[in-house]
Engineer: 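Quick one: the structure is below, questions incoming.
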Amino acid sequence: MGKGAKNSLALAEAGSVLDDPVFTPFLADDFDAATFASQAIVSGGGSAPAHMRELREGIDRLEAGIREHLNTHQDSLLASAGSLGSVEADLDRTSLSIAALRSLASRVRADVAGPAARVRALTHQARGLQSTIDLLQHVTYRLKLVSQLRASVSNGQGLLEAASVARILAQIQSLDDSTSRDMRGVDVISADAVFLHSTRENVVRQAQTALREGLSSLSQADVGSALQVFFNLGGLSGALRAHLAASLARVDAASTACLDPRRAPARQGGAAPGAGPADPGGEGPWEGLAAALGMLRSEAVAAWHLERVLARKRDAASGLLFAEALRGEGTPREGDGAAGRVEGAQGRGEPNEEAAGSSATKSEGPDFGPSPVRDFWGGALPALAARFEAAAASAAPSRTAAGALRDALTGSYPRLAALLEETAAAVARDTRARDAPASPPPGAVARLLDCAARAREAYLAGAAARLGEAVAAALPGGQSRPPPAPADLQRLVARVHEELKAAAAGGPALAAAAAARVSAALGDLEAAARGAAAAGPDLRAVAGRCTPAPARNLALCSALGEVPRCLAAALAWLPEPARLHLRSALDRLAAVSLELVLPTLSALSDHLEEGVLALHAHGAWRAEAADVVETSEPMRRLLQRVAHARQEYLSRFPASTLLPPAASAASNPQGSAPAPTVPRALAQRLAARLLTVYVRHASLLRPLSHAGALQLAKDAGELEAAAAQQLAPLDALQAPVGRLRAFRRALFMDAAALGAGAAAAAAGGGKGVAGGKAAGPQAGELPPSVVLHLLFSRAPAAVASPHARQGLTPAQYSLWLDDHSEAEALAFIAAAVMAGEAALKQRGQGEDATLAAMRMVLQAHAPPTGA
């Protein structure tokens, strides 16, 4: 085996020792010989010598491997050792160089130590000289300013001189603030401190006096001069804050004097709870309230004038508007430290330390905006609301001062509301100018009224309770109780009038709120009336005598109808919001009144229409008689039904609510139109329906002889007279009476004239034509369907009537006409005309004049092409 193989074998044996688990613990960084030995003895299965031999053999293998490794790498190891020697030599040379440098630095330090100390001494001396020079310059300039100040003070005490003095004071203050030295040790400066302090106080006091007098007299010159002084002092914002605080304090003191129960007398003018609107004669707190609201008015006007001057006045030196200065626009804000002194000087003559201490934080944003009006109302209204709230929320008995004050505010709230609205109106009048918006700002009037919201709600709750009691007394409800008497309803009406008049005195807002309570009370009256009304089939049994059920509802309708009639006059003097509430309530009450009797009145109308239908069963219309003297039998029975309706039903309404012609003339000697009532409207509707149905059915009669036409004309006159006497006056039935009279005249017109008149009326807009004595007026007042029906009565027998052609009875045809429009009726009649023409052609008959008149009427009333 060669030398290289031996070396490799030795290295391999050394590596195996390293990998042997027995020798692995020796490679650990935290190897402990004692611990290893103890573990070897405890865990070893053989004797200790055997373990020692194993370790020694491993050591021998390691030494052999190391020896072989050194022999193998002898040359490279010797070369590395030589390079270490050269490195050591270089380190020695470097150490010598460092020592030389240290020696040189020590010599240099010794050479410059003296000059450096000299330089430091000279620098300290120069700094002291510069500080002395700055102090001398400061003192010299300050003495110059103080000298100018003394000269200005000695010249006079006017506002112009005060503005100049204020500017110099601000310059001195700015000069003192610019230095960081404590100047109290300088005798010449300390000697002027008293003079400067007294001068500042005098200037501030003079400016405050000018500001108060200028705001009192609304003088723009005085207010502007005072603002100039404050601006020059650098305390404009502070002065305005102080003025606003003082203004709000005066308003609060005045309101406290009259609304604080501890300062109120034991007896206050007002009303006891639940007794109704208070008697305004008692004084109570009202004199103090008038004074407090007068103070509010004067201070509000002063704030408006102040804002007006701020928006117009400019700084004499820079031309900057004072309003812009307050907003911080254009230039930095005036010094806040001076502002604190201006505030503190008011009334005390000493600096305001709190304001001065907080001056460091004031530069973050303006604490007083350029709107004294907004800030005044924003501070005055919450304070006033708190006073009213405390006074109105008191739970003290009425015999105490607090209770009497509460009762005065709530019971006589209309008087309080009138004072508040008058105050707002007076402020608006006093601040009306072309160059500034009026005060109070938008929404402030409503907020002013809301200050006494608790008193208002208490008053309105009392009004609602009083109205509810009146409704309950007038109509307790239930069908077991009799209908209300007129006196009961008159008391209800009187209560409503009283509440509305009292509330109207407090202004439109209170009147609207009270009218809403009245509307709610009348709603309760509607509900009670529905509960007390009768129901059932008896309401439509109108052929015989009036039964208790319809009689009860007629009495309720009459009673309820009196309420809208009596309260309608209040609509004339109530303000518009209240008028809307009351009109809506009265309309609903009138609708309920109509609803109570509508079944009975509808049955009466049907009963009268049955009498009209009897015309078709009477055969005298085609007979030829010499003279017509008597009324026809169907008409006599119809007139009996009209009289029955009047005597049994309509007469149960008071005569004043119906007002037939005789009574109308007696109660209205000057010819004025009577006020509308529900019974009158019902009677007029009944009469109009009767006349309309009579004209319709009379036009359907065929054949109609000349004697029959005379009889119809006679009957129409009798019906007109009966309707006027028993149902409604003729001036209230103009349209139905006009159609009835036009029908009487049309009975005696030939077919051509009747058709021409109807066509001319259609061409003239339904108002007839001027030419032609017989053609225009009577045909123009008749609906075209009635004219066509009347023409059918003169047509040949082969031309069937529209309803007969479709197999309808006159009663069924009348119902069909009620449910369809006039245009649909004309289309229905046109089909019958075309069928009649075809029937005549089948019979070989020529052109018929009556059908030609019908075509003329239909063509005149035909819808436009494309409609």
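Only heavy atoms go into these numbers, but all of them, side chains included; no hydrogens, no water, no symmetry mates.
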Engineer: At their closest point, which heavy atom of R702 faces which heavy atom of P796, and how far apart are they?
Structural biologist: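 Closest approach of R702 to P796: NH2-O, 3.1 Å.
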Engineer: As a quick check of understanding, evaluate salt bridge (charged side-chain N to carboxylate O under 4.0 Å, His left out) for R466 and E469, giving each step before the final call.
Structural biologist: CA-CA 5 Å; R466 293 188 291 271; E469 293 173 358; over 6 Å; no
Engineer: State the NE2-CE distance between H789 and M854, to the nearest 0.5 angstrom.
Structural biologist: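 So the gap between those two atoms works out to 9.5 Å.
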Engineer: For atom CZ of R685, is the number of surrounding heavy atoms from other residues, nucleotides or ligands below 6.0 Å larger than 12?
Structural biologist: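 Open.
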Engineer: Side chain of S558, backbone of L554: donor and acceptor closer than 3.5 Å?
Structural biologist: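 No.
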Engineer: Could you check whether any side-chain heavy atom of V737 comes within less than 4.5 Å of a side-chain heavy atom of E720, counting everything from C-beta outward?
Structural biologist: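 Touching, per the 4.5 Å side-chain cut-off.
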Engineer: Check E630 with K714, please: is the shortest side-chain N to carboxylate O separation under 4.0 Å?
Structural biologist: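 Result for this pair is no, no salt bridge flagged.
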Engineer: Do NZ/NE/NH1/NH2 and the carboxylate oxygens of R744 and D715 come within less than 4.0 Å?
Structural biologist: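 Here R744 does not pair with D715 in a salt bridge, since their nearest N and O are not under 4.0 Å apart.
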Engineer: Taking the side chain as every heavy atom from C-beta outward, state whether E609 and Y694 have any pair of such atoms under 4.5 Å apart.
Structural biologist: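 No, their side chains stay 4.5 Å or more apart.
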Engineer: Quick one: pull up CG in L539 and OG1 in T600 and give me the separation to the nearest 0.5 Å.
Structural biologist: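 If I round to the nearest 0.5 Å, the distance is 4.5 Å.
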Engineer: I'd like to know if the side chain of R552 and the backbone of A532 have a donor-acceptor N/O pair within less than 3.5 Å.
Structural biologist: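 Present.
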Engineer: Is the backbone of A570 close enough, under 3.5 Å, to the side chain of H497 for a donor and an acceptor to pair up by distance?
Structural biologist: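 Checked: no pair found.
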Engineer: With a 4.5 Å limit on heavy-atom distance, are the side chains of L727 and Q684 in contact?
Structural biologist: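 No, their side chains stay 4.5 Å or more apart.
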Engineer: Kindly indicate whether the side chain of E595, heavy atoms from C-beta on, has any atom under 4.5 Å from the side chain of N553.
Structural biologist: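 E595 does not reach N553 side chain to side chain.
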Engineer: Any side-chain heavy atom of L556 within less than 4.5 Å of one from V597?
Structural biologist: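 Answer no - side chains too far apart.
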Engineer: Considering all heavy atoms of both residues, which atom of A541 and which atom of Y649 are nearest to each other, and what is their separation?
Structural biologist: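 In this case the closest contact between A541 and Y649 is O-OH, 3.3 Å.
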Engineer: Check the pair F792, H803 against ring pair (Phe, Tyr, Trp, His ring centres under 6.0 Å), reporting the backbone distance first and the verdict last.
Structural biologist: CA-CA 11 Å; F792 267 102; H803 64 284; 9.0 Å; no
Engineer: Do Q726 side-chain atoms and A723 backbone N/O form a donor-acceptor pair below 3.5 Å?
Structural biologist: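 Checked: no pair found.
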Engineer: If the threshold is 4.0 Å, N to carboxylate O, is there a salt bridge linking R641 and E610?
Structural biologist: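 Judged by the 4.0 Å cut-off on N to carboxylate O distance, R641 and E610 do form a salt bridge.
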Engineer: Regarding H697 and Y813, do their side chains bring together a donor and an acceptor under 3.5 Å, going by distance alone?
Structural biologist: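 No, no side-chain donor-acceptor contact under 3.5 Å.
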Engineer: Let me confirm one number: the CG-CG distance from L851 to L791, rounded to the nearest 0.5 Å.
Structural biologist: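 Atom-to-atom, L851:CG and L791:CG are 9.0 Å apart.
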Engineer: Using every non-hydrogen atom in the two residues, find where R540 and P599 come nearest and quote the distance to one decimal.
Structural biologist: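 For R540 and P599, the tightest heavy-atom pair comes out as NH1-O, 3.5 Å.
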Engineer: May I ask you to say whether E576 pairs ionically with R579, meaning some side-chain N is under 4.0 Å from a carboxylate O?
Structural biologist: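 Result for this pair is yes, salt bridge flagged.
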Engineer: At what distance, to the nearest 0.5 angstrom, does CG of L596 lie from CZ of R530?
Structural biologist: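 Answer for the CG-CZ pair, L596 versus R530, is 8.0 Å.
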Engineer: Any heavy-atom pair between the side chains of L788 and S785 that's under 4.5 Å?
Structural biologist: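 Contact flag for S785/L788 side chains = no.
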Engineer: Would you check, one step at a time, whether the test salt bridge (charged side-chain N to carboxylate O under 4.0 Å, His left out) holds for R794 with D750?
Structural biologist: CA-CA 9 Å; R794 305 174 186 186; D750 57 49; over 6 Å; no
Engineer: With a 3.5 Å cut-off and no angle check, do the side chains of T692 and R696 form a donor-acceptor pair?
Structural biologist: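 Per modelled atom types, T692 and R696 side chains form no pair under 3.5 Å.
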Engineer: To the closest 0.5 Å, what do you measure between CD1 (I829) and CG (L858)?
Structural biologist: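 Going from CD1 on I829 over to CG on L858, the span is 7.5 Å.
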Engineer: side-chain contact (heavy atoms from CB on, under 4.5 Å), that's the test. Do E526 and L589 meet it? Break it down for me.
Structural biologist: CA-CA 6 Å; E526 298 169 16; L589 195 59; 3.6 Å; yes
Engineer: With a 4.0 Å cut-off, would you call R855 and E837 a salt bridge?
Structural biologist: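 A salt bridge links R855 with E837.
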Engineer: With the side chain counted from C-beta on, respond yes when L704 and L712 share a heavy-atom pair under 4.5 Å apart, and no when they do not.
Structural biologist: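 A side-chain contact exists here, since the closest heavy-atom pair is under 4.5 Å.
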Engineer: If you take all heavy atoms of A515 and L500, which pair is closest and at what distance?
Structural biologist: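 Looking at all heavy atoms of both residues, the closest pair is CA-CD2, 4.0 Å.
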Engineer: Is there a donor-acceptor pair closer than 3.5 Å between any side-chain N or O of T809 and the backbone N or O of Q812?
Structural biologist: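 Present.
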Engineer: Please report the shortest heavy-atom distance between A746 and L782, naming the atom on each side.
Structural biologist: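 Closest approach of A746 to L782, heavy atoms only: CB-CD1, 3.9 Å.
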Engineer: Please determine whether side-chain hydrogen bond (donor to acceptor under 3.5 Å, both in side chains) holds for the pair R636 and S632, giving the CA-CA distance in whole Å, both sets of side-chain angles, and the decisive distance to 0.1 Å.
Structural biologist: CA-CA 6 Å; R636 282 197 298 270; S632 67; over 6 Å; no
Engineer: Which distance, rounded to the nearest 0.5 Å, do you find between the CG of L700 and the CG of L615?
Structural biologist: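 Rounded to the nearest 0.5 Å, the CG-CG separation comes to 10.0 Å.
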Engineer: Shortest non-hydrogen contact from E648 to G544?
Structural biologist: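 Closest heavy-atom pair between E648 and G544: CG-O, 4.4 Å.
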Engineer: Would you indicate whether the side-chain heavy atoms of C557 and L682 approach each other to under 4.5 Å?
Structural biologist: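 Yes, close enough: below the 4.5 Å cut-off.
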